[in-house]
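Lettering of chains follows the sequences in order, A, B, ..., and the numbering in each one begins at 1. Keep in mind that what you see is a predicted model, and the values were worked out from it rather than measured.
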Amino acid sequence: MKPSLVHPLGMDTYDLITRNAAEVVTEDEVEEMAESPEVKRAYVGYEPSGVLHIGHMLTANKLIDLQEAGFDVTVLLADVHAYLNDKGTFEEIRDTAERMQQQFIAYGLDEDKTDFVYGSTYQMDEEYELDLHAMQVETTLNRAQRAMAEIQSGETAKVSHVVYPLMQALDIEYLDVDLAVGGIDQRKVHMLARENLPELGYDSPTSLHTPILADLTTGEGKMSSSEGVTISMEDSADDLAEKVNSAYCPPTRDPEPDDDGNERENPVLQIFEYHVFPRFEEVVVERPDQYGGNLEYGDYAALADDLESGELHPADAKSALADYLDRLIEPGRKQLQS
RNA sequence: CCGCCCUUAGCUCAGACUGGUAGAGCAGUCGACUGUAGAUCGACUUGUCCCCCGUUCAAAUCGGGGAGGGCGGACCA
């Protein structure tokens, strides 16, 4: 059965590890890790970008959960991957990687408990290169291209684009990772790792996938930093209020598809679920007496139910969301400014 | 190495044959309506027409050269 260790939030280790995860591969493997988390290592790889946005923060929240559960945590600053994805010169990428590391610390990752590793410190080693070639022998072009989440549809793949996911798979072995963490968009990479690493004589890794936040203004697809509106560490309170207010927010958890049949989510609820409630014991929605006065929620489900029933108006939910996002970001924002 | 196609608004593209310094859809911005957003109306904004040279009173448009991208062929010792 599950371990009896109880964490501050009253969850056992397995529940803490898997909370808010979209998927875990496999549950059995994670249950086994939950037995002895203090000797396990988890990692997320990030392509360096100048500003930490709410999507990065979502996986960072999971790293914080894992640290609390007892895991060691590695953050890969994937400078070589960024280079392969045509994000600039090594020098430029190194600069943004440094900034990103600072932003992660400002956001709340414990500097002492987190190993920040630059990909270039080991990905050029002969042993790594030879394993990479072995991986290339094992993998079809088609498979590698499908695993490359970053490649935009319609764009023609470069050789670097198909090498990219193979290196992601190999990183899991070279960073001595037990649990590979990423957004659900990284699923194909992790499945490729599970299938191909054993061919090289390595263990098949366990993976955990977080949900991907929907686009803030449409509720469709995923929120992107390159296009559309995203929330970042560098937003002011006014920015947050403005962005949240313009968000798509029908009074339901399951919005209807749009006229073209595209699925839609409620991004305001998603942010409450994945960012606010994991970090706050209680959420107070301030509301003018005219509309019934303040509301208090101890968990996400209660808030979502009220939005669904009409008890909580989306406009009030939004102003509360902007307020709590500001509380989450403010300490880091100050630290970055100083 | 050879051949064909493409390059015009943030995006997808029309306009080119029949030269007169540019258009549509989507996106975006702003209003109206909703106590949010969306939807729906209404209005508005946007351009080195890939670059250079030439012809012309006048070139996105015609001619020449170049660059970038895509596809195919050939070579297969």
Side-chain angles (χ1 to χ4, degrees), chain A residues 49-51 53-55 84-89 141-142 144-146 148 150-162 164 211-232 235-277 283-297 300 302-328:
Chain A
S49 90
V51 46
H53 63 69
I54 198 165
L84 290 172
N85 204 16
D86 204 15
K87 293 295 169 65
T89 66
L141 259 186
N142 188 10
Q145 203 168 327
R146 286 188 295 123
M148 178 55 185
E150 287 275 335
I151 186 166
Q152 293 173 16
S153 61
E155 196 184 349
T156 311
K158 305 266 181 51
V159 174
S160 61
H161 285 133
V162 298
Y164 187 113
I212 293 290
L213 295 176
D215 181 85
L216 199 58
T217 52
T218 66
E220 295 170 5
K222 67 172 178 177
M223 191 187 295
S224 159
S225 54
S226 52
E227 54 187 73
V229 175
T230 190
I231 287 167
S232 88
D235 284 333
S236 67
D238 286 347
D239 291 337
L240 292 171
E242 192 180 324
K243 288 178 179 182
V244 171
N245 181 53
S246 66
Y248 174 71
C249 185
T252 173
R253 340 158 108 98
D254 293 312
E256 295 292 315
D258 72 4
D259 294 340
D260 299 325
N262 299 311
E263 289 298 320
R264 286 193 284 201
E265 301 292 332
N266 185 322
V268 171
L269 282 182
Q270 284 186 320
I271 297 172
F272 267 115
E273 183 174 14
Y274 301 124
H275 283 283
V276 177
F277 280 100
V283 170
V284 177
V285 176
E286 294 184 10
R287 200 166 60 166
D289 290 338
Q290 175 193 358
Y291 295 123
N294 292 1
L295 293 165
E296 297 179 5
Y297 299 102
Y300 165 72
L303 183 146
D305 284 345
D306 268 9
L307 188 81
E308 195 92 51
S309 73
E311 173 64 26
L312 172 62
H313 192 277
D316 296 321
K318 281 181 173 180
S319 59
L321 180 60
D323 181 38
Y324 279 88
L325 279 176
D326 187 54
R327 291 195 215 178
L328 273 176

Using the 3.5 Å cut-off, write out each protein N or O paired with an N or O of nucleotides 36-44 of chain B and the distance between them.
residue	atom	partner	partner atom	Å
B/rU36	O2'	A/N245	O	3.1
B/rU36	O2'	A/N245	OD1	2.8
B/rU36	O2'	A/K318	NZ	3.1
B/rU36	O2	A/K318	NZ	2.6
B/rU36	N3	A/C249	O	2.6
B/rU36	O4	A/C249	O	3.3
B/rA37	O4'	A/A247	O	3.3
B/rA37	O4'	A/K318	NZ	2.8
B/rA37	O2'	A/S246	O	3.3
B/rA37	O2'	A/A247	O	2.7
B/rA37	O2'	A/Y248	N	3.2
B/rA37	N3	A/C249	N	3.2

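- With both ends at atom C1', the span from B/rG15 to B/rG47 equals 15 Å, rounded to whole Å.
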Evaluation steps, side-chain contact (heavy atoms from CB on, under 4.5 Å), between A/I54 and A/I271: CA-CA 9 Å; A/I54 198 165; A/I271 297 172; 3.9 Å; yes
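- Between B/rG54 and B/rU45, the distance separating the two C1' atoms is 37 Å to the nearest Å.
- None of A/D235, A/T217, A/D238 except one satisfies the side chain to side chain donor-acceptor pair (under 3.5 Å) rule with A/K243; the exception is A/D235.
- Between A/Y300 and A/F277, the ring planes are perpendicular. Angles over 60° get that label, and only those under 30° would be called parallel.
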Just the dot-bracket of RNA chain B, please: which string comes out with Watson-Crick or G-U pairs under 3.5 Å, [ ] for crossing, | for another strand? ((((((((.[[[[.)....(..]]]].(((((.......))))).....[[[[[..)....]]]]])))))))....
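- Defined by atom type and a distance below 3.5 Å, a donor-acceptor pair is missing between the side-chain atoms of A/D215 and A/Y248.
- The gap from the C1' atom of B/rG35 to that of B/rG25 amounts to 34 Å, rounded to the nearest Å.
- The separation between A/N262 atom CG and B/rC26 atom C1' is 14 Å, rounded to whole Å.
- Comparing the P positions of B/rC76 and B/rC13 gives a spacing of 38 Å, expressed to the nearest Å.
- Comparing B/rG19 with B/rC57, their C1' atoms sit 12 Å apart, to the nearest whole Å.
- The same atom, C1', is picked in B/rG38 and in B/rC33; the two are 13 Å apart, to the nearest Å.
- In this structure, A/R327 satisfies the cation-pi test against A/Y324, with its NZ or CZ atom closer than 6.0 Å to the six-membered ring centre and inside 45 degrees of the ring normal.
- With sequence neighbours left out, the side chain to side chain donor-acceptor pair (under 3.5 Å) criterion links A/S246 to no other residue.
- Distance check: A/L321 CG to A/L240 CG gives 8.5 Å after rounding to the nearest 0.5 Å.
- Rounded to the nearest Å, the gap between the P atom of B/rA39 and that of B/rC30 is 14 Å.
- Rounded to a whole angstrom, the distance from the P atom of B/rC1 to that of B/rG28 is 46 Å.
- Checked for salt-bridge contact, A/D254 and A/R264 miss the test: no charged N lies under 4.0 Å from a carboxylate O.
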Hey, mind stepping through A/R287 and A/E311 against salt bridge (charged side-chain N to carboxylate O under 4.0 Å, His left out) and telling me if it holds? CA-CA 12 Å; A/R287 200 166 60 166; A/E311 173 64 26; 3.6 Å; yes
